[in-house]
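Here, residue 1 is the first one in the sequence, and each next residue gets the next number.
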Amino acid sequence: MSILASALVAAAALSAPSADAPAPVPAARGEVIGRSAEGRPIRALRVGSPRARVKVLVVGAVHGNEPAGRAVVERLRRTKPPRGTALWLIEDANPDGSAAGSRHNAGGVDLNRNFPYRWRPQDGVYESGPGPGSEPETQAIMRFVERERPRVTLWYHQALRMVVKSTGDPALERVYSRRSGLPRKRLPRYHGTAVSWQNTTFRGDTSFVVELAGGPLDAAGVRRHARAALSLARAVAPPTVVRRPIPFDAQRKADMRAYARRHYGIDDHRLRDPKVIVQHYTVTDTFQPVYDTFAPNRPDPELGELPGVCAHYVIDRDGTIYQLVSTRLMCRHTVGLNWTSIGIEHVGQSDAQVLGNPRQMAASLRLTRMLQGRHGISTRNVIGHNENRSSPFHRERVARLRSQTHGDFPKPVADAYRRRLELLPAPASLR
Ligand SMILES: [Zn+2]
């Protein structure tokens with residue numbers, strides 16, 4: 001519970017203002033990102049908002065004789081990506097090869113051996129071109145990826161029937177494997193592939209190959225793979241955060257700074273490079289009394305200090321995430337850790353109730369994972385309030401407070417929370 005939990009009043013009858021209205025979905029937008037050796041356009045199409053922070057790139061074909069994935073891309077044009085994400089679709093990265101029904105481009109080069117990571121000269125079916133990134137199609141893709149930084153990229157090939165293991169986030173490959181029914185398997189480490197170039201150049205982003213079966217996909221297969229691609233977008237979609245800032249004026253900042261000096265020897269009210277995320281529950285049934293407790297800057301009844309207590313986030317029982325305080329500011333939520341931690345409150349009467357609430361937990365895990373990715377916080381430093389004293393970051397100059405804690409989220413509960421956290425995509429995939 002929060003440091004002020006005991007002072008929380010019963011739920012006010014006030015209803016909370018409505019959540020942010022969903023953004024309208026603009027029409028899909030296409031552009032020519034480059035031209036093939038024979039001058040054919042290579043087109044990319046964006047589906048979803050231009051403001052989406054997270055982009056998923058799907059390439060229908062790069063070998064002209066492996067066209068089955070193009071039908072999946074065609075179907076994805078008519079879908080609505082999850083909120084906060086946009087799809088970028090390149091139906092055909094090798095239009096010359098497609099026109100000729102050939103694996104290679106018009107210059108006889110296997111584009112998926114032409115990328116500059118671990119490129120080496122190869123002949124025959126794996127003809128690598130005269131040098132790394134020598135081909136105009138390769139260059140177009142590289143420029144596009146550098147510009148858009150897709151969080152996830154899917155490359156369709158044929159005909160090995162597998163999701164190919166990459167060095168990206170395995171959780172994302174598993175999502176696709178589960179949804180598509182294709183097993184996840186390893187292939188030899190080929191030289192100069194698009195996937196290896198992406199995964200080594202853009203750390204934290206994931207690119208992998210899906211090998212479809214030979215021949216065209218039937219309608220059910222097209223739907224299944226389009227759903228699998230969308231489930232990937234859902235897996236990396238940012239959580240929706242409703243901003244409901246509490247007043248944090250100059251006086252409160254000055255009080256926070258004085259608190260940080262007294263308790264940590266830090267002459268600052270700003271939270272810099274947070275290392276810990278602390279989970280709490282509110283001992284309320286609704287959000288409003290939590291907000292009403294955190295908003296005023298008044299001494300807390302338990303320790304009688306200023307500034308008023310707060311938490312950066314509060315997660316309601318329906319899964320709504322409210323942000324009350326910027327993560328650039330220290331908040332008083334956990335003795336010993338306020339100098340380096342982000343506090344998350346959960347509306348509820350017990351931690352068991354929170355862990356048993358699927359919507360609240362889904363929101364909580366996703367938010368926590370995103371904060372981990374953004375700030376480089378490892379899962380062992382996602383802790384329950386009750387674990388504050390055993391954190392390696394615990395620091396307290398006031399002797400009588402060194403053993404101070406609260407009963408919320410003790411180790412067994414926090415362990416269960418961390419286990420569920422580890423089932424999500426890697427933190428970098430949700431940064
Ligand atoms: Zn607490």
Side-chain angles (χ1 to χ4, degrees), residues 1-23 82-84 234-235 237-248 274 277-296 300 308-327 329 331-334 341-374 382-386 406-409 413-414 416-418 420-421 423-424 430:
M1 80 187 91
S2 81
I3 197 168
L4 241 196
S6 53
L8 285 173
V9 292
L14 295 168
S15 64
S18 66
D20 296 348
R83 188 185 161 120
R234 256 194 313 282
T240 300
V241 175
V242 179
R243 281 171 221 288
R244 195 63 55 76
I246 59 170
F248 216 112
I277 298 169
V278 185
Q279 310 290 350
H280 309 259
Y281 66 88
T282 61
V283 203
T284 66
D285 292 316
T286 59
F287 167 69
Q288 194 62 43
V290 184
Y291 182 91
D292 294 342
T293 302
F294 290 162
D300 63 287
V309 295
C310 58
H312 297 90
Y313 297 94
V314 179
I315 303 176
D316 210 342
R317 293 169 67 177
D318 65 359
T320 305
I321 301 170
Y322 297 100
Q323 182 166 13
L324 280 63
V325 177
S326 161
T327 53
L329 295 170
C331 237
R332 272 188 71 201
H333 58 93
T334 305
S341 67
I342 296 169
I344 302 178
E345 285 277 359
H346 300 78
V347 175
Q349 294 288 352
S350 70
D351 30 39
Q353 186 186 39
V354 172
L355 260 68
N357 179 334
R359 295 178 76 177
Q360 191 174 25
M361 274 301 284
S364 175
L365 295 167
R366 182 158 291 258
L367 172 69
T368 297
R369 210 62 167 157
M370 182 194 73
L371 293 169
Q372 283 187 269
R374 232 171 241 187
V382 176
I383 67 170
H385 188 168
N386 189 247
H406 276 189
D408 47 338
F409 281 83
V413 177
Y417 186 95
R418 284 185 286 263
R420 289 170 68 171
L421 203 49
L423 298 176
L424 267 68
L430 279 165

Peer 1: If you compare all heavy atoms of Arg359 against all heavy atoms of Asp318, which two are closest, and at what distance to 0.1 Å?
Peer 2: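 In this case the closest contact between Arg359 and Asp318 is NE-O, 3.6 Å.
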
Peer 1: Using every non-hydrogen atom in the two residues, find where Ala414 and Gly384 come nearest and quote the distance to one decimal.
Peer 2: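 What the structure gives for the nearest pair is CB-N, 3.8 Å.
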
Peer 1: Is the shortest side-chain heavy-atom distance between Pro239 and Met370 below 4.5 Å?
Peer 2: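 Yes. Closest side-chain heavy atoms under 4.5 Å.
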
Peer 1: Going by distance alone, is a donor N or O of one side chain under 3.5 Å from an acceptor N or O of the other, for Gln353 and Asn357?
Peer 2: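 The criterion, which ignores hydrogens and geometry beyond distance, is not satisfied for Asn357 and Gln353.
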
Peer 1: Return the minimal non-hydrogen interatomic distance between Ala235 and Leu430, and the atom names on each side.
Peer 2: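 That would be O-CD2, 3.8 Å.
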
Peer 1: For a side chain to side chain contact (heavy atoms under 4.5 Å, CB included) check, start with the C-alpha distance between Leu324 and Arg243, then their side-chain angles and the critical distance, and finish with the verdict.
Peer 2: CA-CA 7 Å; Leu324 280 63; Arg243 281 171 221 288; over 6 Å; no

Peer 1: Can you confirm whether Cys310 sits close enough to Ile246 that some side-chain heavy atom of one is under 4.5 Å from a side-chain heavy atom of the other?
Peer 2: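 Yes, at least one pair of side-chain atoms sits under 4.5 Å.
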
Peer 1: Using a 3.5 Å distance criterion without hydrogens, assess whether the side chain of Thr368 forms a donor-acceptor pair with backbone atoms of Ser364.
Peer 2: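 Looks like yes, one N/O pair under 3.5 Å.
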
Peer 1: Got a sec, which residues hit side chain to side chain contact (heavy atoms under 4.5 Å, CB included) with Leu365, two or more places apart in sequence or on another chain?
Peer 2: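 Per chain and number, Leu365 pairs via side chain to side chain contact (heavy atoms under 4.5 Å, CB included) with Met361, Tyr417, Arg420, Leu421, Leu424.
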
Peer 1: Starting at OH of Tyr313, measure out to CD1 of Ile321 and round the result to the nearest 0.5 Å.
Peer 2: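 Result: 8.5 Å between the selected atoms.
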
Peer 1: Can you measure from OG (Ser341) to CD (Gln279) and round to the nearest 0.5 angstrom?
Peer 2: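 Taking OG in Ser341 and CD in Gln279, the distance rounds to 10.5 Å.
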
Peer 1: Given 3.5 Å as the limit, does a donor-acceptor pair link the side chain of Thr282 with the main chain of Val290, or not?
Peer 2: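 No, Thr282 side chain to Val290 backbone: no donor-acceptor pair under 3.5 Å.
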
Peer 1: State, to 0.1 Å, how close Glu345 and Ala311 come at their nearest heavy-atom pair, and which atoms those are.
Peer 2: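 Residues Glu345 and Ala311, closest heavy atoms: CG-CB, 3.6 Å.
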
Peer 1: Should Gln360 and Arg317 be marked as a side-chain hydrogen bond (donor to acceptor under 3.5 Å, both in side chains) after you check the CA-CA gap, both sets of side-chain angles, and the distance that decides it?
Peer 2: CA-CA 5 Å; Gln360 191 174 25; Arg317 293 169 67 177; 5.7 Å; no

Peer 1: When you look at His312 and Ile344, which way does the side chain to side chain contact (heavy atoms under 4.5 Å, CB included) test go after all the steps?
Peer 2: CA-CA 6 Å; His312 297 90; Ile344 302 178; over 6 Å; no

Peer 1: Verify whether the ring centers belonging to His346 and Phe409 lie closer than 6.0 Å.
Peer 2: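 That pair passes the under 6.0 Å test.
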
Peer 1: For Arg366, what residues pass the side chain to side chain donor-acceptor pair (under 3.5 Å) criterion, not counting sequence neighbours?
Peer 2: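 None.
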
Peer 1: Determine whether His333 and Val278 satisfy the following criterion, side chain to side chain contact (heavy atoms under 4.5 Å, CB included), listing intermediate values before the conclusion.
Peer 2: CA-CA 8 Å; His333 58 93; Val278 185; 3.8 Å; yes

Peer 1: Working to the nearest 0.5 angstrom, can you tell me the gap between Asp351 CG and His385 NE2?
Peer 2: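 Interatomic distance, Asp351 CG to His385 NE2, rounded to 0.5 Å: 12.5 Å.
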
Peer 1: State, with a plain yes or no, whether a side-chain heavy atom of Val242 is found less than 4.5 Å away from one of Gln323.
Peer 2: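 Side chain of Val242 against side chain of Gln323, heavy atoms only: no contact under 4.5 Å found.
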
Peer 1: Are side-chain heavy atoms of His406 and Asn386 found at a separation under 4.5 Å?
Peer 2: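 No, every pair of side-chain atoms sits at 4.5 Å or beyond.
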
Peer 1: Without hydrogens or angle criteria, can the side chains of Thr334 and His280 be said to hold a donor-acceptor pair below 3.5 Å?
Peer 2: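 Thr334 vs His280: donor-acceptor pair found between side chains.
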
Peer 1: Between Val325 and Cys331, which heavy-atom pair has the shortest distance, and what is it?
Peer 2: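 Reported closest heavy-atom pair: CG2-SG, 3.6 Å.
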
Peer 1: Of the non-hydrogen atoms in Ala363 and Gly319, which two are nearest, and what is the gap between them?
Peer 2: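 The answer is CB-O, 3.2 Å.
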
Peer 1: Do Leu355 and Val413 come close enough that some side-chain heavy atom pair is under 4.5 Å?
Peer 2: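 Sidechains of Val413 and Leu355: in contact.
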
Peer 1: Is the distance between the ring centroids of Phe287 and Tyr322 under 6.0 Å?
Peer 2: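 That pair passes the under 6.0 Å test.
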
